[in-house]
*Asks:* 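Just passing along the structure, written as structure tokens.
Convention: sequence-line order gives letters A, B, ...; per-chain numbering from 1.
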Amino acid sequence: MRKEKLISLILGSLLLVTAQVASAAGDNWRNLTPNEKDRVLENYQRWQRLPQQDKEHLREEWNRWQRLPKDERERIKQRYDQQQRRDRHRD
Amino acid sequence: MKNAMPLQSACKEFEEDLVLYYYGETSEDERRRIGQHLFGCLRCQGFLGDLQRLLPQMARTEELPQSFWDNYYRETVAKLAQQDERKHWWRSLIPQMKIWMVPAFGTVAMTVLVIGLLFGKGNLSSFTLRPAEKIPHEILADENQLQFFESMDLLESLSKLQSQDEQKPEAVNTQSSRMRFQSGTV
């Protein structure tokens, strides 16, 4: 009886954690603007078509990006946004 | 009671004594005195006769047949069962649960909760406004994945951006670096 209770407790906790994680991701998705959502979906579709080598490279870049200091990340992000705006203006 | 006739009245001063006389709880003198009175008093003789007739019947307990006790037991058990049923009426709504059903039921309930948390937070517009769009599970799997796909463009030109950040030049064409990345030259 104690064993069954323990299994139920572990299963329940696991599902709660999963629910929390999924809920957080769902919230973030809902908070995106329609344009951002489109970009995410577009990137996802592009990702699906990428060769394995590029996928691995992107994963490495992602890990590197996360390890960067916060101020550097902000600078790079600003620079990237500037360039995006400039590209759009040119187009 | 078969012999439910009223007691004959005795002489007032002998009434209590006659009862004691009947039970043999009087002294020898008293007994003799009552005996002498009884000899000449018909009312007290009648009263004593009634006592001799009725008192043994009063003392005798009525013998009840076994069937009475069997019925009594059956009815009591039925009444107790009825009372118990009334107290736990809701239990009849739940079918007999086996022990493995408890974690199974818990899992189903939690799954429903997960779905509820995902879609029932009041803001369904982002889902309902785009009925044709199916959000891939990989995107919503966790927060990290979503951020990854959100910043994929940036990641593609990260090396370039980083080197620019070190050199601090003005403009960079990210579009061109992205195209190079897609073609596998990065």
Side-chain angles (χ1 to χ4, degrees), chain A residues 1 4-5 7-12 14-16 18-32 34 36-51 53-54 57-62 64-66 68 72 75-77 79-84 86-87 90-91, chain B residues 99-100 102-107 109-111 113-119 121 123-127 129-130 133-162 164-165 168 170-176 181-182 184 186:
Chain A
M1 192 66 182
E4 274 94 4
K5 275 183 184 172
I7 292 168
S8 309
L9 196 74
I10 293 167
L11 264 175
L14 203 73
L15 275 162
L16 257 181
T18 315
Q20 281 299 314
V21 171
S23 173
D27 280 352
N28 287 346
W29 173 260
R30 275 190 284 273
N31 291 336
L32 295 179
E36 285 168 338
K37 282 179 186 174
D38 284 342
R39 203 179 70 222
V40 169
L41 287 170
E42 196 185 294
N43 282 343
Y44 173 75
Q45 281 155 11
R46 202 152 52 77
W47 163 265
Q48 298 281 82
R49 290 192 299 270
L50 281 179
Q53 190 191 339
D54 288 356
H57 175 71
L58 269 179
R59 283 290 178 199
E60 280 165 18
E61 290 290 80
W62 170 246
R64 200 159 66 82
W65 168 255
Q66 285 188 311
L68 288 177
E72 195 178 344
R75 266 201 324 271
I76 292 172
K77 184 89 176 58
R79 184 176 289 274
Y80 174 76
D81 289 340
Q82 262 177 10
Q83 288 173 359
Q84 286 290 100
R86 209 170 292 164
D87 284 349
R90 259 182 226 159
D91 292 342
Chain B
I99 193 68
W100 62 266
V102 178
F105 179 75
T107 310
M110 291 306 290
T111 311
L113 186 70
V114 169
I115 294 165
L117 282 170
L118 267 176
F119 300 105
K121 280 210 161 180
N123 183 15
L124 285 167
S125 58
S126 55
F127 291 97
L129 287 174
R130 302 165 147 233
E133 173 196 296
K134 275 191 177 172
I135 303 138
H137 175 72
E138 277 168 278
I139 296 175
L140 293 177
D142 66 65
E143 207 181 329
N144 229 17
Q145 283 289 91
L146 184 62
Q147 282 174 0
F148 172 78
F149 289 115
E150 212 181 335
S151 43
M152 210 169 106
D153 304 298
L154 185 145
L155 294 173
E156 283 168 341
S157 31
L158 181 61
S159 306
K160 194 103 185 164
L161 286 163
Q162 229 179 340
Q164 282 170 0
D165 189 54
K168 309 235 178 215
E170 261 305 293
V172 179
N173 191 342
T174 52
Q175 201 76 27
S176 56
F181 181 84
Q182 277 177 304
V186 179

*Asks:* In terms of heavy-atom proximity below 4.5 Å to chain A, should B:Gln145 be classed as side chain, backbone, both, or neither?
*Replies:* side chain
*Asks:* For the residue pair A:Val40 and B:Phe149, what are the closest heavy atoms and their distance?
*Replies:* CG1-CB, 3.9 Å
*Asks:* Evaluate A:Arg46 against B:Glu156 for side chain to side chain contact (heavy atoms under 4.5 Å, CB included), listing each step before the verdict.
*Replies:* CA-CA 12 Å; A:Arg46 202 152 52 77; B:Glu156 283 168 341; 2.5 Å; yes
*Asks:* How far does CG of B:Leu158 sit from OH of A:Tyr80, to the nearest 0.5 angstrom?
*Replies:* 11.0 Å
*Asks:* Please examine the side chains of A:Asn43 and B:Glu150, heavy atoms only from C-beta on, and report whether any two atoms are closer than 4.5 Å.
*Replies:* no
*Asks:* Measure the spacing between CG of B:Leu154 and CD of A:Gln83 and express it to the nearest 0.5 Å.
*Replies:* 9.5 Å
*Asks:* About how many Å separate CE of B:Met152 and CZ of A:Arg39, when rounded to the nearest 0.5 Å?
*Replies:* 11.0 Å
*Asks:* As an exercise, state the distance from CG of B:Leu155 to CZ of A:Arg59, rounded to the nearest 0.5 Å.
*Replies:* 9.5 Å
*Asks:* For the CZ atom of A:Arg79 and the OG atom of B:Ser157, what is their distance to the nearest 0.5 Å?
*Replies:* 12.0 Å
*Asks:* So do B:Asn144 and A:Gln66 actually touch side chain to side chain, heavy atoms under 4.5 Å?
*Replies:* yes
*Asks:* Checking side-chain contact (heavy atoms from CB on, under 4.5 Å) between B:Phe148 and each of A:Trp47, A:Trp65, A:Tyr44, which is the one that passes?
*Replies:* A:Trp47
*Asks:* Before giving the answer on side chain to side chain contact (heavy atoms under 4.5 Å, CB included), spell out for A:Arg64 and B:Ser159 the whole-Å C-alpha distance, their side-chain angles and the decisive distance to 0.1 Å.
*Replies:* CA-CA 10 Å; A:Arg64 200 159 66 82; B:Ser159 306; 3.4 Å; yes
*Asks:* Please classify the contact between A:Gln45 and chain B as side chain, backbone, both or neither, with a heavy-atom cut-off of under 4.5 Å.
*Replies:* neither
